[in-house]
Number of protein chains: 2
Amino acid sequence: MADMSFQEFSGRVMVSVEELCRDYYRENRDLIRVKKEDVAVRNLVTIVNATIKLSCRMGFDAMSLRDLSRESGLSMGALYSYFSSKEDLLSIIQCHGQSAVERILRDNTRQESDTAVKLRNVIRTHLYLSELMSQWFYFFFMETKNLNKKYQKISVESELLTERIITDILDEGAKNGMFIIDNIQLTGSVIKAMMQDWYLKKWKYKQRNVSVETYAQFIIDVTESFIMKKT
Amino acid sequence: MADMSFQEFSGRVMVSVEELCRDYYRENRDLIRVKKEDVAVRNLVTIVNATIKLSCRMGFDAMSLRDLSRESGLSMGALYSYFSSKEDLLSIIQCHGQSAVERILRDNTRQESDTAVKLRNVIRTHLYLSELMSQWFYFFFMETKNLNKKYQKISVESELLTERIITDILDEGAKNGMFIIDNIQLTGSVIKAMMQDWYLKKWKYKQRNVSVETYAQFIIDVTESFIMKKT
DNA sequence: GTCTATATACCGATAGAC
DNA sequence: GTCTATCGGTATATAGAC
């Protein structure tokens, strides 16, 4: 099968902020004063998008709720119908956002018998998703330290989980003789580091007109030159 | 010559916050109310160290000057004898810190005729320095967006400069036939990304007992497997 | 369900005592 | 040179009108 293009990926994967907000709403009906689901979800989408946008520009802490009120078009009072504190808003986005990402990654990691193909697919899928949700990924990384300890732990586990997905494949390849790897954990770490650079330095790659497909192929080339048997 | 150890490096490179603060003091005698140089420099060191420490924990924006007062042991009033605003304090640390880093890198990049050796030295030097000053590097990265535009530009240029140091060597190696590189700029980007991971994810590597020497050698191995002629 | 107006607390910054 | 006390402003959060 030909390598998946970003266009194909973004057509297939519907990253739905609405779905994410609906999940949050249904799990917290009792805490949210607004009782009409469609109204609540629509406003939640607005709030979450505005928060991500402002936070990526100035940082979540520097963003005041007056800024958020202006950007979202909702009054201060209305905002507090949807969350109980500013800290709570941060936790909601982090927690529900990260689990949405994990679900999408899981759903889009097809079963694949060839270990090398599997690795390539995972790298592409991660990168394409981080392109679709670049502001979210940036937000997750930059705002971890503003979370309370409980949610910080969840955030760290999410970092380790994505690394684990990589290292599991590396491990399989090492066992079946397809890869030669001296240090699986460090190999996984640097693959993750290279993938992360895509959304942490988006300004740089955009300025240089590097497409996510070019970048993905490059990361795959670097990785394979390191772990594949030299012929 | 044998590869330099971190111990050797940290013995040779005196990263002196005092020196950095003295530079700042001498350039801004007129703005600083405290006139005894040794008193001023001593307190500046305390202030800068406390700022870095608190900012890495909670973020510069979330750190109040009352927090800084408590951590440094100086009163609010005393703090304002050393800088004119909170924003000013951030700029001082970013600007003087980054130029100190650039100077140290320049001073410690020995002339070297062998391109491959040169590349290895640069990777090691960058990583060892980012280990010595890990909180500073973390601070530089995380607090860029809180800077005003002028200093943001300086910060971006600093990012591009270190990448340029790498790509210049890659270019030389490509020209003299020592390296085979398809895309020099992207190669430089991912080398930088791998180096950056060392201080962005310090908690992870510490937890796993990965030493900076091990990490440096690993990055070098990954890089060389990608750019050296296969034999 | 959303608004305006307001309560309360803490922010950065400064004045003036010592 | 450093302190305490306090300023005005703005932050989060809420109460009550509509």
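Computed from heavy atoms alone, side chains included, the values below leave out hydrogens, waters and symmetry copies. Sequence lines set the chain letters: A, B, ... in the order given, protein chains first and strands last, and positions in each chain run from 1.
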What nitrogen or oxygen pairs link the protein and nucleotides 12-15 of chain C at under 3.5 Å?
{"unit_1": "C:dG12", "atom_1": "OP1", "unit_2": "B:K86", "atom_2": "NZ", "d": "3.0"}
{"unit_1": "C:dG12", "atom_1": "OP2", "unit_2": "B:L65", "atom_2": "N", "d": "2.7"}
{"unit_1": "C:dG12", "atom_1": "N7", "unit_2": "B:R66", "atom_2": "NH1", "d": "3.1"}
{"unit_1": "C:dG12", "atom_1": "O6", "unit_2": "B:R66", "atom_2": "NH2", "d": "3.0"}
{"unit_1": "C:dA13", "atom_1": "OP2", "unit_2": "B:Y80", "atom_2": "OH", "d": "2.4"}
{"unit_1": "C:dA13", "atom_1": "OP2", "unit_2": "B:K86", "atom_2": "N", "d": "2.8"}
{"unit_1": "C:dA13", "atom_1": "O5'", "unit_2": "B:Y80", "atom_2": "OH", "d": "3.1"}

Between A:Q94 and A:Q98, do the side chains contain a donor N or O and an acceptor N or O under 3.5 Å apart?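 Present: a donor and an acceptor within the cut-off.
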Quick one: do the B:D88 and B:S91 side chains pair a donor with an acceptor below 3.5 Å?
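On atom types as modelled, these side chains do not qualify, holding no pair under 3.5 Å.
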Checking the side chain of B:N148 only, and the main-chain atoms of B:Y151 only, is there a donor and an acceptor separated by less than 3.5 Å?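 Indeed, once roles are kept as given, a pair shorter than 3.5 Å links the two residues.
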Using atom [atom1] of [X] as one end and atom [atom2] of [N] as the other, report the distance to the nearest whole Å.
X	N	atom1	atom2	result
A:L79	C:dG1	CG	P	15 Å
A:R29	C:dG1	CZ	P	12 Å
A:L74	D:dA13	CG	P	17 Å
A:L89	D:dA11	CG	P	16 Å
A:D88	D:dT14	CG	P	11 Å
A:R70	D:dA11	CZ	C1'	13 Å
A:L68	D:dA11	CG	C1'	14 Å

Closest nucleotide among C:dG1, D:dC3, D:dG1 to the A:K35 side chain: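 Nearest to the side chain of A:K35 among the choices is C:dG1.
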Per A:S75 side chain, nearest of listed nucleotides D:dC3, D:dG1, C:dT2 |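 Shortest atom-to-atom distance from the side chain points to C:dT2.
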Check your understanding: Given the rule in the ring-ring contact (aromatic ring centres under 6.0 Å, His included) test, do A:F141 and A:Y138 qualify, once you have shown the distances and angles that lead to the verdict?
Key -> CA-CA 5 Å; A:F141 184 79; A:Y138 187 79; 8.1 Å; no
**Those residues that, when tested against B:D107, pass salt bridge (Lys or Arg N to Asp or Glu O under 4.0 Å) (two or more places apart)** =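 Applying salt bridge (Lys or Arg N to Asp or Glu O under 4.0 Å) to B:D107 gives none.
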Exercise. Check whether any side-chain N or O of B:Y82 sits under 4.0 Å from OP1 or OP2 of D:dT2, and answer yes or no.
Key: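 Checking B:Y82 against D:dT2: at least one side-chain N or O falls below 4.0 Å of OP1 or OP2.
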* Asked: What is the ring orientation for A:F9 with A:F6, classed by angle as parallel under 30°, tilted 30 to 60°, or perpendicular over 60°?
  ->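 Parallel: the ring planes of A:F9 and A:F6 meet at under 30°.
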